[in-house]
Amino acid sequence: MADWLKAEGFKRLGSNSWIRPAGEVHHIVVVQCRQSGWDPHAGSSFVVEFEQSRAPSRGTGFSRQRIWDLLDDLSRREALNINSQVAQTLPPPDQQFSRELPADVRDHYLRKFAATTQTIESGDVWFAYYDGTDAAVWADFLARTVESALRTFVTQPPLFFGHRASPGDD
């Protein structure tokens with residue numbers, strides 16, 4: 001994604017963000033990793049978020065949206081399939097660790113190792129990864145989808161975490 005962003009006039013903004021001026025606003029693209037961190041058996045996940053801001057910094061925008069909502073149904077199906085493929089190639093969960101977890105936490109943890117049950121209608125989907133192979137698959141996916149997603153984001157009315165702004169809201 002970095003090569004495409006550079007070619008589109010974006011510059012690095014910290015370790016996981018890119019920014020470009022666009023008239024009176026700035027377009028910001030952020031790759032956010034799951035806050036729970038890396039699990040040696042389940043890997044982790046990430047999400048791509050778009051933001052429009054009058055200030056050249058993250059988290060100051062008047063419009064923010066994650067890539068999932070900007071994908072077409074075919075791309076969503078592909079993302080869900082990638083998540084399932086990642087889950088099916090993970091090393092097995094640590095049985096000792098799993099047994100020590102409370103039942104509800106254990107169920108949540110073990111779902112990471114199964115094909116996704118999310119659908120294209122799901123509200124938000126994070127992209128799972130474990131190794132370089134997974135990263136390459138996601139890189140290919142994003143290379144084909146990020147341009148359209150960004151174009152849709154910047155041409156639609158402002159959206160701040162699932163709520164369309166009213167005219168004049170900032």
Side-chain angles (χ1 to χ4, degrees), residues 1-6 10 12-19 27-51 57-61 63-150 152-153 159-163:
M1 219 169 69
D3 289 340
W4 180 83
L5 290 165
K6 288 178 195 172
F10 284 85
R12 290 300 298 219
L13 177 66
S15 63
N16 62 340
S17 307
W18 293 265
I19 188 169
H27 296 156
I28 302 169
V29 179
V30 180
V31 177
Q32 179 184 354
C33 292
R34 180 73 69 185
Q35 289 181 332
S36 58
W38 179 259
D39 181 287
H41 294 277
S44 191
S45 57
F46 71 97
V47 69
V48 177
E49 185 174 284
F50 302 100
E51 181 176 353
S57 59
R58 282 181 62 184
T60 60
S63 184
R64 294 169 73 175
Q65 196 167 11
R66 291 187 173 157
I67 194 170
W68 180 255
D69 290 328
L70 301 164
L71 297 173
D72 60 33
D73 288 353
L74 186 61
S75 297
R76 286 180 174 196
R77 280 188 186 88
E78 182 180 358
L80 294 173
N81 287 337
I82 295 169
N83 273 349
S84 289
Q85 291 168 3
V86 169
Q88 293 168 355
T89 60
L90 292 172
D94 180 299
Q95 296 301 316
Q96 177 67 29
F97 174 76
S98 298
R99 278 193 298 273
E100 293 174 6
L101 294 171
D104 58 335
V105 175
R106 181 182 323 114
D107 292 343
H108 174 77
Y109 179 71
L110 293 176
R111 279 195 298 272
K112 295 179 181 185
F113 299 88
T116 185
T117 59
Q118 291 180 295
T119 67
I120 62 170
E121 292 83 18
S122 294
D124 191 25
V125 173
W126 288 61
F127 302 154
Y129 67 96
Y130 184 78
D131 58 19
T133 301
D134 302 334
V137 171
W138 284 117
D140 176 65
F141 174 82
L142 291 170
R144 292 181 283 106
T145 59
V146 72
E147 180 176 10
S148 173
L150 179 61
T152 299
F153 173 71
L159 182 74
F160 193 77
F161 288 125
H163 301 286

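What you see is a predicted model, and the numbers here were worked out from it, not measured in a lab.
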Side-chain contact, heavy-atom cut-off 4.5 Å: F50 with T152?
no
Closest approach of W138 to A79 (non-hydrogen atoms, all atoms of both residues):
CH2-O, 3.5 Å
Any side-chain heavy-atom pair of Y129 and S44 under 4.5 Å:
yes
In short, A115 meets A87 closest at the heavy-atom pair N-CB, 4.3 Å
Minimal heavy-atom distance between S57 and I28, with the atoms involved, is O-CD1, 3.4 Å
Contact between R58 and L13 at the side-chain level, heavy atoms closer than 4.5 Å - yes or no?
yes
So, S17 side chain and G14 main chain: donor-acceptor pair closer than 3.5 Å or not?
no
Check: F153 and I67 side chains under 4.5 Å, non-hydrogen atoms
no
Rounded to the nearest 0.5 Å, what separates atom OG in S45 from atom CZ in R34?
4.0 Å
State, yes or no, whether a side-chain contact exists between F10 and H27 at a heavy-atom distance under 4.5 Å.
yes
From the list D124, V125, V30, V48, side chain to side chain contact (heavy atoms under 4.5 Å, CB included) partner of R66 resolves to D124
Has the side chain of N16 got a donor or acceptor atom that lies under 3.5 Å from a matching backbone atom of Q32?
no
Is H41 reaching over with its side chain to a backbone N or O of P91, donor-acceptor style, under 3.5 angstrom?
no
Flag side-chain contact, heavy atom, 4.5 Å: E78 against L74
no
Please report the interatomic distance CG(D94) to CZ(R99), rounded to the nearest 0.5 Å.
8.5 Å
Show your reasoning for whether side-chain contact (heavy atoms from CB on, under 4.5 Å) applies to L5 and R12.
CA-CA 9 Å; L5 290 165; R12 290 300 298 219; over 6 Å; no
CG (D39) and NZ (K112) are apart, to the nearest 0.5 Å, by 6.0 Å
Taking S148 for the side chain and T145 for the main chain, is one N or O donor matched with an acceptor at less than 3.5 Å?
no
Testing the basics here: between S75 and F141, what is the closest heavy-atom pair and its distance to 0.1 Å?
O-CE1, 3.4 Å
Do the side-chain N and O atoms of S98 and R106 include a donor-acceptor pair separated by under 3.5 angstrom?
no
Can you measure from CD1 (I120) to CD (Q118) and round to the nearest 0.5 angstrom?
12.5 Å
What's the spacing between D134 CG and I82 CD1 if we round to 0.5 Å?
9.5 Å
I'd like to know whether the aromatic ring centres of W38 and Y130 sit less than 6.0 Å apart in this structure.
yes
Decide if the gap between the ring center of F127 and the ring center of W68 is smaller than 6.0 angstrom.
no
Under 3.5 Å: donor-acceptor pair, side chain of T89, backbone of Q85
yes
Min side-chain heavy-atom separation E49-Q65 under 4.5 Å:
no
So do W4 and L150 actually touch side chain to side chain, heavy atoms under 4.5 Å?
yes
Nearest heavy-atom approach of F113 to P92 is CE2-C, 4.2 Å
Donor-acceptor pair, distance only, cut-off 3.5 Å: does the side chain of E51 make one with the backbone of G59?
yes
Just checking, is any N or O donor in the side chain of R76 or N81 under 3.5 Å from an acceptor N or O on the other one?
no
Between N83 (side chain) and W126 (backbone), is there a donor-acceptor pair under 3.5 Å?
yes
